[in-house]
There are 2 protein chains.
Amino acid sequence: MTPQGEDGPSVGVDGPGEGHDEVTELAGELRRLLLVSSRILRSHTASEDVSASQYSVLAYLQRSGESTPGALADFEHVSPPVMTRILGRLEEAGLVRRAAHPGDGRQVRVTLTEPGEQVVLQGRAERDAWLRSRLQAAGPEERETLREATALLRRTLIERRD
Amino acid sequence: MTPQGEDGPSVGVDGPGEGHDEVTELAGELRRLLLVSSRILRSHTASEDVSASQYSVLAYLQRSGESTPGALADFEHVSPPVMTRILGRLEEAGLVRRAAHPGDGRQVRVTLTEPGEQVVLQGRAERDAWLRSRLQAAGPEERETLREATALLRRTLIERRD
DNA sequence: TATTGTTATACTCTATAACTATA
DNA sequence: TATAGTTATAGAGTATAACAATA
């Protein structure tokens with residue numbers, strides 16, 4: 001659990017043509033892991049009527065109570081137009097509500113509708129079923145490791161990014 | 001490093017309505033991590049002419065020497081038509097070559113062209129630059145943890161899946 | 001008849017640029 | 001002038017179903 005040691009002569013970006021140091025190796029593996037596992041996850045997480053991205057927004061709203069398109073776009077790391085579209089579909093489906101923002105006419109207040117709330121609460125079991133079965137199969141100790149890994153990856157890739 | 005302990009009364013899928021046990025919590029966090037970080041990675045990994053998915057195929061071919069559309073689809077976890085499209089674009093760009101398979105006329109032999117090889121070797125530094133800078137910033141010890149985490153996630157999500 | 005690959009079709013995901021409305 | 005959001009446009013990613021060619 002020692003903090004760090006930002007040193008070591010082994011991390012030099014060795015010359016082009018040579019090109020395969022320790023960090024590059026890890027980068028490649030991580031890249032493939034994220035690319036492939038997000039594909040698998042999407043295919044297992046999408047239901048007939050609510051896609052993975054849409055569900056992610058619903059789940060966030062269910063926890064936070066309300067939000068705005070801009071804040072949701074930031075949180076999900078998508079561009080504003082993408083969030084507009086996601087919200088458009090969710091609104092069409094009657095799962096979210098867009099209303100005037102009190103105090104700032106430019107903003108929009110996004111909240112979950114009753115059916116939207118149901119989708120999150122009822123859908124959780126089925127939607128995450130595949131992922132949960134993977135985690136169940138992994139066993140308690142590996143789950144603990146995965147918990148730490150998840151937090152570390154989030155810090156490394158998401159929060160810490162420039 | 002003890003293997004497992006597939007037991008514990010705490011992992012019951014508690015009743016609907018209640019719905020938020022330890023595994024569900026982890027599943028939710030993992031889902032969001034993969035969704036968001038793959039978005040970030042794609043945006044940082046795509047160049048003007050070669051997308052993240054395309055590059056992934058090139059990188060695999062560079063290592064393996066040759067492959068077939070079917071094998072590549074399996075490896076990347078995409079459906080055959082998707083791989084056909086990816087290969088079509090790479091072939092148009094002159095980065096891969098499709099040729100008759102010796103011995104089995106149904107199959108297609110896919111290999112890297114000279115420019116394709118260049119894209120992989122030269123592009124690696126720039127392409128993975130963002131990810132590598134994240135990993136450099138993390139420090140050696142966290143990288144070691146990330147290495148283990150990557151392997152564990154791959155076993156849990158990709159290899160072990162039913 | 002089974003396998004490999006492609007074509008056809010139809011979505012979702014994603015971004016940049018341009019526009020509208022409010023502050 | 002700056003900010004929040006949307007519309008317009010374009011392209012990549014993805015899957016299922018139908019088809020062709022070979023084994």
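All of these numbers come straight from a predicted model, not from anything done at the bench. Just so you know, these numbers use all the heavy atoms, side chains as well, and skip hydrogens, waters and symmetry mates.
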What contact category does B/Ser53 fall into here, base, sugar-phosphate, or nothing, at under 4.0 angstrom with non-hydrogen atoms? sugar-phosphate
Take atom CD of A/Gln107 and atom P of D/dA2, then tell me their distance rounded to the nearest Å. 18 Å
Side chain to side chain, A/Ile40 and A/His44, heavy atoms closer than 4.5 Å: yes
Below 4.0 angstrom, N of the basic side chain to O of the carboxylate: do A/Glu159 and B/Arg134 qualify? no
Nucleotides bounding contact with chain B, strand DNA chain C, heavy-atom threshold 4.0 Å: C/dT3 to C/dT14
Does A/Arg42 reach a base, just sugar-phosphate, or nothing at all? Heavy atoms under 4.0 Å. sugar-phosphate
For atom CD1 of A/Ile86 and atom P of D/dT6, their distance in whole Å: 12 Å
Contacts of type salt bridge (charged side-chain N to carboxylate O under 4.0 Å, His left out), residue B/Glu29, not counting sequence neighbours: none
Does some side-chain heavy atom of B/Val57 sit less than 4.5 Å from a side-chain heavy atom of B/Val96? no
All side chain to side chain donor-acceptor pair (under 3.5 Å) counterparts of B/Arg97, not counting sequence neighbours: B/Thr111
How does each nucleotide of nucleotides 16-23 of chain D score, in 5' to 3' order, for protein heavy atoms under 4.0 Å: base (B), sugar-phosphate only (S), or none (-)? BB----BS
The bend of the helix from C/dT1-D/dA23 to C/dA23-D/dT1, taken between the axes of its five terminal pairs at each end and rounded to 10°, is 10°
Check each residue of residues 69-76 of chain B for a non-hydrogen atom within less than 4.0 Å of any atom in DNA chain C, then write out the ones that pass by number, or none. B/Pro69, B/Gly70
Regarding B/Arg147 and A/Glu25, does a basic nitrogen lie under 4.0 Å from an acidic carboxylate oxygen? no
For A/Val78, all residues meeting side chain to side chain contact (heavy atoms under 4.5 Å, CB included), sequence neighbours excluded: A/Ala73, A/Glu76, A/Val82, A/Met83, B/Arg39
Taking only the side-chain nitrogens and oxygens of A/Ser43, find out if one of them lies under 4.0 Å from OP1 or OP2 of D/dA15. no
Nearest-Å distance, CG (A/Leu41) to C1' (D/dG13)? 16 Å
Please name all residues satisfying side chain to side chain donor-acceptor pair (under 3.5 Å) with A/Asp104, sequence neighbours left out, ordered by chain then number. A/Arg106, A/Gln107
Is there any salt bridge (Lys or Arg N to Asp or Glu O under 4.0 Å) pair reaching into residues 79-91 of chain B, and which pairs are they, with sequence neighbours excluded? B/Glu91-B/Arg98
With sequence neighbours left out, the residues meeting side chain to side chain donor-acceptor pair (under 3.5 Å) with A/Glu66 are A/Arg109
By side chain to side chain donor-acceptor pair (under 3.5 Å), B/Arg31 pairs with (sequence neighbours left out) A/Asp128
Taking any heavy-atom pair under 4.0 Å as a contact, classify A/Ser51: base, sugar-phosphate, or nothing. sugar-phosphate
Touch class at under 4.0 angstrom, heavy-atom based, for B/Arg98 against every strand present: sugar-phosphate
Protein-nucleotide distance (A/Gln54, atom CD; D/dT14, atom P), rounded to Å: 17 Å
Pairwise distance CD(B/Glu144) to CD(B/Glu142) - rounded to 0.5 angstrom: 12.0 Å
Taking the nucleotide of DNA chain D with the closest heavy atom to each, which residue, A/Val108 or A/Arg39, is nearer the 5' end? A/Val108
Hydrophobic clusters here meaning ILVMFWY residues chained together by side-chain heavy-atom distances under 4.5 Å, can you tell me if A/Ile158 and A/Leu72 are in one? no
Nearest-Å distance for atom pair CZ/P, residues A/Arg85 and D/dG5: 18 Å
By side chain to side chain contact (heavy atoms under 4.5 Å, CB included), which residues pair with B/Pro115, not counting sequence neighbours? B/Leu95, B/Thr113
Protein-nucleotide distance (A/Arg109, atom CZ; D/dG5, atom P), rounded to Å: 13 Å
